[in-house]
> 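Have a look at the structure that comes next, please.
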Amino acid sequence: MNRAPIREGEYTKVVYTHIREQQYDQAVKILNNELTNFPTSRCALSLLGYCYYHMQDFQSAASIYGQLTQACPESDEYKVYHIQALLKSGQYEEASQVSTSVENPEFTERVMLLQAAIAYEQDEVQAARSILDQCNPLAEEKQVFEGALYWKEHRYPEAMKMFNEAIQTIGYQADLAYNIALCNYSMKQFGPALKHVAEIIERGVRDHPELSVGAMSEGNGGLAARSVGNTAVLKETALVEAFNLKAAIEYIMKSQEAAKDALDDMPPRDEAELDAVTLHNQALIEMESKPTEGFRKLNFLLGQHPSPPETFVNLLLLYCKYSYYDLAADILAENSDLTYKNMNPQDYEFLDSLILAQSSPEEAYRRFDELTARHIEALRRGTKNIQDARRNRDQNAVKKHLADFDEALTKYMPVLMGQAKIYWDLEHYSMVEKIFRQSAEFCSEDESWKLNVAHIFFMQEKFKECIRYYEPFVRKHNDNLLGVTAIILANLCVAYVMTSANEEAEELMKLVEKEEEKIEDPNKPIYHLCIINLVIGTLYCTKGNFEFGISRIMKSLEPYDRKIGVDTWYYAKRCFLALGETLSKNMILLKDEAFEDIINFLDEAAKVGKNISTTVNPVENADENAPKRTVAKEARLLKRFFLKMRD
């Protein structure tokens, strides 16, 4: 929509009106237009820098204030604004250089606080504290800065004390309440953290309904909610920080839906307006449903400066999770500075060994062995500390050492899995079992350890033993079977079938079916029963009973428009291809009715699969120009083959 022309002599009034009403984007358009006519206008540059800063476009603000300091070198006020913009945009060295050029004693205190903030952002805590001791800010300002320094040093109780004292001095402020919640979060006290977060959100919703909290989640299926922008009011309410912290807590507690809801409830903003932390959290939470989007966002963040320190490690871990070891190796090589800054040595050794396992499994196994020895030593030390504390009847020490032991065990588990995976990939399952038995002393109560032991027994066709591990886990989650990974239920059903416990298998499948029927949202994809039937059908196909196996697979994908997806089609078509290979070798004969059922199924698959890609590689899928292979295309190819076989 074209903007009405501004009348002569009213430019100043219009610009200041936009600024007063916080319509900074409108003011920026007018000011940029003015600068094309008067490129050195001090007034226009000053207002433009102010607008960019309040729009949180700190790069542009720094650029504008840089121009102002060159045009008006005598103005230390512009230099201070330049330092602030450089600091906010992560240009710490440049900010530090500019800070040394401020000579006006009026700004000494402010510049020293900015220098302390620069040191803080670069993790130079001692330097920041030294600078802070030399200046005399207001008591509450010093309390907040001291609290931030304590937090940076992982001294969370002292940090919380400082923030609480600041609130008592100056009254409730959303950012201080968020700092207290962050301290709770850092101490893994999620209950109190969520309580503070809830209060921040409640106050934000009550005092600022114009921020449209929850508009994005309410608007699903309708028009996208209008962006509220990065306003000063949004910053004051700390709503973005609060929702991000809530999402992080829910994510750690493995409540993916609640984490996604927390991000959706955030005041709506366009993707270009999102801060780095929100973008990072979105990437993590979307990774299961939209991995291509997740990788795109994390790679974008890695190229920004600064980016959340977790970005680098999470991108590496996710590349390894999806078996993109070459890409993980490239990221490690290209960002060696981040390796030392954002990763502790043990994490680096673990990821390096995981990547090395693809090219040199023997050397990787040796490195994992060295890591394992160190972790086992830490776990033994932790066990002894717990026993000593119990002997001394020191409950606080027991609690502390138990928490330390749990943390040490959490760090050891990925190393154990990485080492076992080397033999798993070689299908040497007896050796995998041996590795897990060696770790039983410390891990036997860990849920993920027990599930992996069950998987090992299943792959060795020790079905009675795997039932012993799967069954208690499934029964524990009987009230929420859809919260259990589908392959666990499928493997348990297969184990029941293979041990002639067909009634138990049927009972479990009925329970899953009832759970799926309770889902009210018709658009929500539910694949549990589908996967169970797919696995059972695949089992019969591997045993040579193709007629029953294929019929089970086709039935598992009903209704086709809801059940045929990238993954389900991938596993279903493998059985059709195996059947095709067996038919082509004249090893079996298939009844005409079976051929008819297969051709009808493939016709239906071709109808619903026109827009369903068969690519399961999110990185390859990111190439939009690559030719798209769809379920419909593959279904037609399979149909042509089976028609030839029938005739």
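We use all heavy atoms of the structure for the numbers below, so side chains are in, but hydrogens, waters and symmetry mates are not.
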> Can you measure from OH (Tyr81) to CG (Leu68) and round to the nearest 0.5 angstrom?
11.0 Å

> Should the pair Lys341-Asp337 be classified as a salt bridge under the 4.0 Å nitrogen-to-oxygen rule?
no

> Please tell me if the side chains of Ile249 and Leu194 come closer than 4.5 Å, counting only heavy atoms from C-beta onward.
yes

> Which heavy-atom pair separates Ile201 from Ala242 by the least distance, and what is that distance?
CG1-CB, 4.2 Å

> Could you name each residue pair satisfying salt bridge (Lys or Arg N to Asp or Glu O under 4.0 Å) that touches residues 272-290, not counting sequence neighbours?
Arg269-Asp275, Glu286-Lys297, Glu288-Lys321

> Could you give me the CA-CA distance, side-chain angles and deciding distance for Thr40 and Gln67, then say whether side chain to side chain contact (heavy atoms under 4.5 Å, CB included) is met?
CA-CA 9 Å; Thr40 58; Gln67 291 177 49; over 6 Å; no

> Which of these passes side-chain contact (heavy atoms from CB on, under 4.5 Å) with Cys51: Leu31, Val15, Ile30?
Leu31

> For Asn335, does its backbone N or O pair with a side-chain atom of Thr339 as donor and acceptor, under 3.5 Å?
yes

> Any salt bridge between Glu250 and Lys246, counting N to O under 4.0 Å?
no

> Taking the side chain as every heavy atom from C-beta outward, state whether Leu176 and Ile170 have any atom pair closer than 4.5 Å.
yes

> Taking atom OG of Ser96 and atom CD of Gln122, what is their separation to the nearest 0.5 Å?
7.0 Å

> Work out which heavy atom in Arg367 is nearest to a heavy atom in Ser353; give both atom names and the distance.
CB-OG, 3.4 Å

> Any carboxylate oxygen within less than 4.0 angstrom of a Lys/Arg side-chain nitrogen, looking at Glu293 and Arg296?
yes

> Is there a donor-acceptor pair closer than 3.5 Å between any side-chain N or O of Asp270 and the backbone N or O of Ala272?
no

> Begin with the C-alpha distance, continue with both residues' side-chain angles, and end with the deciding distance and a verdict on side chain to side chain contact (heavy atoms under 4.5 Å, CB included) for Ile252 and Phe190.
CA-CA 10 Å; Ile252 288 170; Phe190 298 140; 4.0 Å; yes

> Name all pairs fulfilling the salt bridge (Lys or Arg N to Asp or Glu O under 4.0 Å) condition that reach into residues 57-83, sequence neighbours left out, sorted by first residue then second.
Asp76-Lys79

> Taking Tyr65's backbone N and O only, do any of them form a donor-acceptor pair with Thr69's side chain (distance below 3.5 Å, no angle check)?
yes

> If we ignore angles and hydrogens, is there a donor and acceptor under 3.5 Å between the side chains of His18 and Tyr16?
no

> Please determine if Lys384 and Asp388 form a salt bridge, counting it only when a charged side-chain N lies under 4.0 Å from a carboxylate O.
yes

> For residues 117-133, which residue pairs qualify under salt bridge (Lys or Arg N to Asp or Glu O under 4.0 Å), counting only residues two or more places apart or in two chains?
Asp123-Lys152, Arg129-Glu146, Arg129-Glu153

> Starting from the C-alpha separation in whole Å, work towards a yes-or-no answer on ring-ring contact (aromatic ring centres under 6.0 Å, His included) for Phe58 and Tyr53.
CA-CA 5 Å; Phe58 301 118; Tyr53 190 88; 5.2 Å; yes

> Under the criterion ring-ring contact (aromatic ring centres under 6.0 Å, His included), I'd like the reasoning laid out for His54 against Tyr50: C-alpha separation, chi angles, the key distance, then a yes or no.
CA-CA 6 Å; His54 283 82; Tyr50 178 88; 4.1 Å; yes

> Can you find a pair of side-chain heavy atoms, one from Ile180 and one from Ile167, that are under 4.5 Å apart?
yes

> Kindly compute the distance separating NE2 (His196) from OH (Tyr185), expressed to the nearest 0.5 Å.
16.0 Å

> Determine the minimum heavy-atom distance between Gln189 and Met160, stating which atoms define it.
OE1-CE, 4.4 Å

> How far does OG1 of Thr237 sit from CZ of Arg203, to the nearest 0.5 angstrom?
12.5 Å

> Between Lys195 and Asn184, is a side chain to side chain contact (heavy atoms under 4.5 Å, CB included) present by the stated rule, with each step listed?
CA-CA 10 Å; Lys195 186 180 173 185; Asn184 287 130; over 6 Å; no

> Just wondering, are more than 12 heavy atoms of other shown residues or ligands nearer than 6.0 Å to OH in Tyr340?
no

> Please check if the side chain of Ser130 supplies one atom and the backbone of Gln126 the other of a donor-acceptor pair under 3.5 Å.
no

> For Phe405 and Gly382, which heavy atoms make the closest approach, and how far apart are they?
CD1-C, 4.3 Å

> Any chance you could measure Tyr178, atom OH, to Cys183, atom SG, to the nearest 0.5 Å?
10.0 Å

> So do the side chains of Thr372 and Tyr412 get within less than 4.5 Å of each other, counting heavy atoms only?
yes

> What distance do Gln115 atom CD and Arg110 atom CZ have between them, rounded to the nearest 0.5 Å?
13.5 Å

> Should Leu274 and Val240 be marked as a side chain to side chain contact (heavy atoms under 4.5 Å, CB included) after you check the CA-CA gap, both sets of side-chain angles, and the distance that decides it?
CA-CA 10 Å; Leu274 295 179; Val240 169; over 6 Å; no

> Do Leu113 and Phe145 touch side chain to side chain, with heavy atoms closer than 4.5 Å?
yes

> Please give me the minimum heavy-atom distance between Arg42 and Tyr78, naming the atom from each residue.
NE-OH, 3.2 Å

> Considering only heavy atoms from C-beta outward, does the side chain of Leu284 approach that of His280 to under 4.5 Å?
yes

> Can you tell me which residue among Asp326, Leu298, Leu315, Ile355 is in a side-chain contact (heavy atoms from CB on, under 4.5 Å) with Ile331?
Leu315

> Judged by atom type as modelled, is there a donor-acceptor pair below 3.5 Å linking the side chain of Ser89 to the main-chain atoms of Leu86?
yes

> After noting the C-alpha distance and the side-chain angles of Glu407 and Lys188, does the key distance pass the salt bridge (charged side-chain N to carboxylate O under 4.0 Å, His left out) rule?
CA-CA 11 Å; Glu407 193 174 337; Lys188 295 184 170 57; 5.1 Å; no

> Which atom pair, heavy atoms only, marks the closest approach of Ala128 to Ala116?
CB-O, 3.5 Å

> Measure from the ring center of Tyr319 to the ring center of Tyr325 and say whether it is less than 6.0 Å.
no

> Is there a side-chain contact between Arg155 and Leu149 in this structure, where contact means two heavy atoms from C-beta onward sitting under 4.5 Å apart?
no

> Can you find a pair of side-chain heavy atoms, one from Met343 and one from Leu351, that are under 4.5 Å apart?
yes

> Are Lys29 and Asp25 close enough, and set up right, to give a salt bridge (charged side-chain N to carboxylate O under 4.0 Å, His left out), and what steps lead you there?
CA-CA 6 Å; Lys29 287 175 187 173; Asp25 54 338; 5.3 Å; no

